[in-house]
There are 2 protein chains.
Amino acid sequence: MATIVVEVMLKAEILDPQGQAVAAALPRLGFTFAKAVRQGKRFEIEVAGTPTPEMLADIEKAAQTLLSNPVIETYLVRVEA
Amino acid sequence: MATIVVEVMLKAEILDPQGQAVAAALPRLGFTFAKAVRQGKRFEIEVAGTPTPEMLADIEKAAQTLLSNPVIETYLVRVEA
């Protein structure tokens, strides 16, 4: 069993109201560390056995078509240790 | 400028309908690699300068109170390279 992580974030040039809401809420709670916040999605996909190159290519394809919207989002596929 | 990443996932014992919807959609699109899918949130927090231990303690506190619901979610704070 291995876990593949797909991270989906809005592109930098796309407005991120969720991230802005978090960035606005932090100082109200007394937290002053944040200059900017972006919010995205994280998928943990469990696969059987060790991931093969074909499987990772398939996951890339799924990340492009189902998990992200390539017009406004970027994605990153990582194999978790 | 450094980026701190906070990853928030539902606890394993909590039902994850979003993840189940993705897991159900994958085979319909011809992808058969996934045994299970969990969906969570990912926050990218930009901070000025290098993160200090006090700043990281503050971010932990914000992750507990604002970014996650500790009753049903777990969080992980990572400093991005």
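In what follows, chains are A, B, ... by sequence order, proteins preceding strands, each numbered from 1.
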Trace of the side chain to side chain contact (heavy atoms under 4.5 Å, CB included) decision for T65(B) with F31(A): CA-CA 11 Å; T65(B) 53; F31(A) 300 114; 4.0 Å; yes
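For K11(A), the NZ atom sits in a packed shell: over 12 heavy atoms of surrounding residues, nucleotides or ligands are nearer than 6.0 Å.
Here the CZ-CD distance, from F33(B) to E46(A), works out to 13.0 Å after rounding to the nearest 0.5 Å. Between the CG atom in D16(B) and the CD atom in E44(A) there is a gap of 9.5 Å [rounded to 0.5 Å]. If you take NZ on K35(A) and OG1 on T3(B), they are separated by 13.0 Å, rounding to the nearest 0.5 Å.
Under the 4.5 Å side-chain heavy-atom criterion for ILVMFWY residues, a single connected hydrophobic cluster contains both Y75(A) and I59(A). Clustering ILVMFWY residues whenever any of their side-chain heavy atoms sit less than 4.5 angstrom apart, transitively, puts L26(B) in the very cluster that holds L56(A). Hydrophobic clustering of Ile, Leu, Val, Met, Phe, Trp and Tyr side chains at less than 4.5 Å, counting indirect connections, unites V79(B) with I45(B). Under the 4.5 Å side-chain heavy-atom criterion for Ile, Leu, Val, Met, Phe, Trp and Tyr, V47(B) and L66(B) are members of the same hydrophobic cluster. No continuous path of ILVMFWY side-chain contacts below 4.5 Å connects L15(B) to I72(B), so the two sit in separate hydrophobic clusters.
Of the listed residues V6(B), V8(B), V22(B), the one with more heavy-atom pairs under 4.5 angstrom with chain A than any other is V22(B). Looking only at heavy-atom pairs under 4.5 Å with chain B, the residue among D58(A), L67(A), V37(A) that has the most is D58(A). Considering only heavy-atom pairs separated by less than 4.5 Å from chain A, the leading option among K61(B), M1(B), Q18(B), R38(B) is R38(B).
Residues E7(A) and R78(B) approach most closely at OE2-NH2, 3.8 Å, considering heavy atoms.
Using a 4.5 Å cut-off between heavy atoms, I4(A) makes no contact with chain B at all. Contacts between L29(B) and chain A at a heavy-atom distance below 4.5 Å involve the side chain alone, from C-beta outward.
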